[in-house]
Amino acid sequence: TYLEVDRLANRFANSLLAQGLTKGDRFTYISLNSIDMVIMYYGAAKVGVVPVPLNYRLAPREALYIVNDSGSKLVMSQPEFSDGVDAVRGEFEKVQALIQLTGIEDKEGWTRYDDWLVNDDSKPDAEIEATGQHTRCIPAALLDYQKVSCPITIQSVKTSWQVFFLLAWKFPVSEIL
């Protein structure tokens, strides 16, 4: 349900805060598409942390460049992609922790996602300021769908993140819960 997703996103957001990440910090994730990505994006948005998706087909040195260039402080990976991360992890500049997203085996130097995730599903305590600087209008996430003051067209939607905000705008969580 929407309430369950919101609670899981809160847990993820609170885990990012517990890890020491703050507004503007970045984390990298290497994963096949899954519902967990929605929770990661939603949770990260709650505290202003920026997810950096990494293509699992990249060579380890290419992945290293992106992780370091982005300034990521955390790397999350599904187990099948962790060997590539392990090949270059000694060269990460700012990464504080490696999180294994799924799997039951413990891997040296990695923390299992379930162990990393804090058991706090309360709304995260973070100040986030949303602006419409890129669209020259109020962000869709802040609009009341009955009081739209700027047009949003499908042509202007370029990322799945924008689609998520459009869905949140069209179907407010407060009305669904």
[X] side chain to [Y] backbone, donor-acceptor under 3.5 Å:
| X | Y | answer |
| --- | --- | --- |
| Asn14 | Ser122 | yes |
| Asp121 | Arg7 | no |
| Asp25 | Val49 | no |
| Thr111 | Ile99 | no |
| Glu91 | Val88 | no |
| Arg26 | Gly24 | yes |

Is there a path from [X] to [Y] through hydrophobic residues (I, L, V, M, F, W, Y) whose side chains come within less than 4.5 Å of each other?
| X | Y | result |
| --- | --- | --- |
| Val75 | Tyr56 | yes |
| Val50 | Met40 | no |
| Leu8 | Tyr42 | yes |
| Leu21 | Val118 | no |
| Val52 | Leu101 | no |

Quiz item: Parallel, tilted or perpendicular: which describes the rings of Tyr41 and Tyr29, with under 30° parallel and over 60° perpendicular?
Solution: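 Tyr41 vs Tyr29 ring planes: perpendicular.
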Within the structure provided, determine whether [X] and [Y] are in side-chain contact (heavy-atom separation under 4.5 Å).
| X | Y | answer |
| --- | --- | --- |
| Ile30 | Gln78 | no |
| Val47 | Thr22 | no |
| Asp36 | Ser31 | no |
| Lys107 | Asp86 | yes |
| Ser77 | Leu98 | no |
| Val95 | Leu74 | no |
| Val67 | Glu93 | no |

Quiz item: Between Phe27 and Phe12, does the ring centroid distance fall short of 6.0 Å?
Solution: yes
Exercise. Please test Arg11 against Asn119 for side-chain contact (heavy atoms from CB on, under 4.5 Å), starting from the C-alpha separation and ending with a verdict.
Key: CA-CA 6 Å; Arg11 286 185 67 192; Asn119 196 20; 4.0 Å; yes
Quiz item: Just checking, is any N or O donor in the side chain of Gln19 or Trp116 under 3.5 Å from an acceptor N or O on the other one?
Solution: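 There is such a pair (donor and acceptor under 3.5 Å, judged by atom type) between the side chains of Gln19 and Trp116.
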Distance check, rounded to the nearest 0.5 Å: [X] atom [atom1] versus [Y] atom [atom2]?
| X | Y | atom1 | atom2 | answer |
| --- | --- | --- | --- | --- |
| Ile66 | Asp69 | CD1 | CG | 8.5 Å |
| Glu80 | Leu32 | CD | CG | 5.5 Å |
| Tyr113 | Met76 | OH | CE | 6.0 Å |
| Asn10 | Ile39 | CG | CD1 | 11.0 Å |

Exercise. Check Ala13 against Pro124 and note the closest heavy-atom contact, atom names and distance.
Key: CB-CG, 3.6 Å
Quiz item: Charged N to carboxylate O below 4.0 Å: is that the case for Lys123 and Asp6?
Solution: no
Exercise. Kindly determine whether Arg89 and Trp110 satisfy side-chain contact (heavy atoms from CB on, under 4.5 Å), including the steps that lead there.
Key: CA-CA 11 Å; Arg89 74 176 174 182; Trp110 291 78; 3.6 Å; yes
Quiz item: For Ser70 and Thr28, what are the C-alpha separation, side-chain angles and deciding distance, and is it a side-chain contact (heavy atoms from CB on, under 4.5 Å)?
Solution: CA-CA 8 Å; Ser70 70; Thr28 297; 4.1 Å; yes
Quiz item: Taking the six-membered ring of Phe92, is NZ or CZ of Lys94 closer than 6.0 Å to its centre and within 45° of its axis?
Solution: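 Geometry flag: not set, cation outside 6.0 Å or 45°.
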